[in-house]
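One structure below.
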Amino acid sequence: MLLADTLASVRQRIRTGCEKAGRSPDDVTLIAVTKTADPAAIKEAVRLGVTDIGENRVQDALEKHAAIGDAARWHMIGHLQTNKARDAVRLFSLIHSVDSIRLAREIDKEAKKIGKVQEILLEVNVSQEATKFGINPDDVTTVYKEIAPYANIQVKGLMTIAPEVADPEMARPYFRRLKELKDALYELRELSMGMTNDFEVAIAEGATMVRVGRALFKG
Ligand SMILES: *Cc1c(COP(=O)(O)O)cnc(C)c1O
């Protein structure tokens, strides 16, 4: 299928999901996850109106950014190693995957060097799977309170990756829990949750950003 068609279909799914949830589609940002897409496909996505690109490796993002530039906002959605913080703050509008105070401190330090206030999300391992990165739900408030005063970081919200389940309905409790955690930290606005298989459920539970790869770029 052409990207124009897959994109139209994803946008329709977002609109339908928003209608069902009584929400405005303007309140949900589509982040096109391009980890399997080459620069030509990303350029095409941007030409078709995609404004937000998600990558999960700094090195790949650097290479693609060299080809595409700042025609879209770049989102870091994968695990970020401390030693990549320098490159990350130069490239990304939003880092979704901040999962430790140590990493936040490094981001703050690197952002300060270039006079930037780096917007971030805290990644929460809601499902507490051993294979996943993210802050334990019980520690989110403590970590947030530590990071919130950093001068060169602004915490915008929370992010999670739901478990891979056969029925997207089974992801709902994890999305709901992330929303509860966000609501408890009342300054936060953004909820990055929902992927190809489960983004309608995430929208129903309050997602403000959905990260969609496979439904767009089928290879
Ligand atoms: C790959 C990836 C996505 C997109 O997943 P799809 O199932 O391809 O939509 C979203 N979030 C993260 C963190 C990812 O690594």
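Each residue takes its place number in the sequence, starting with 1. Order of listing sets the numbers, starting from 1, for every ligand and every atom in it. These numbers come from the heavy atoms of this one structure, side chains and all, not from hydrogens, waters or symmetry mates.
- Annotation: side chain of P137 is in contact with side chain of L181 (closest heavy-atom distance under 4.5 Å).
- Of all the heavy atoms of K35, the ones lying under 4.0 Å from any atom of ligand 1 belong exclusively to the side chain.
- Each of K20, R177, R172 was compared with E205 under the salt bridge (Lys or Arg N to Asp or Glu O under 4.0 Å) criterion, and only R172 meets it.
- Every N/O-N/O distance between N197 and ligand 1 stays at or above 3.5 Å.
- For K112 and D108, the salt-bridge test fails: no basic side-chain N is under 4.0 Å from an acidic carboxylate O.
- The hydrophobic cluster containing M195 does not contain V10, counting ILVMFWY residues as joined when their side-chain heavy atoms lie under 4.5 angstrom apart, directly or transitively.
- For ligand 1 and V212, the ligand atoms under 4.0 Å from any heavy atom of the residue are 9 (O).
- Here the side chains of W74 and K64 are in contact, with some heavy-atom distance below 4.5 Å.
- In T196, the parts holding a heavy atom less than 4.0 Å from any atom of ligand 1 are both the side chain and the backbone.
- In the hydrophobic cluster analysis, where Ile, Leu, Val, Met, Phe, Trp and Tyr join through side-chain heavy atoms closer than 4.5 angstrom, V155 is grouped together with V98.
- Of the protein's non-hydrogen atoms, R211 NE, 2.9 Å is the one closest to atom 11 (N) of ligand 1.
- There is a side-chain donor-acceptor pair under 3.5 Å between H65 and D70.
- The nearest protein atom to atom 13 (C) of ligand 1, hydrogens excluded, is given as I77 O, 3.5 Å; this is a heavy-atom distance.
- At under 3.5 Å, not a single nitrogen or oxygen of I161, backbone or side chain, sits near a nitrogen or oxygen of ligand 1.
- Protein heavy atom in closest approach to atom 7 (O) of ligand 1: R214 NH2, 2.7 Å.
- Atoms of ligand 1 lying under 4.0 Å from at least one heavy atom of N56, given by number and element, are 15 (O).
- The protein non-hydrogen atom at the shortest distance from atom 5 (O) of ligand 1 is M195 CE, 3.4 Å.
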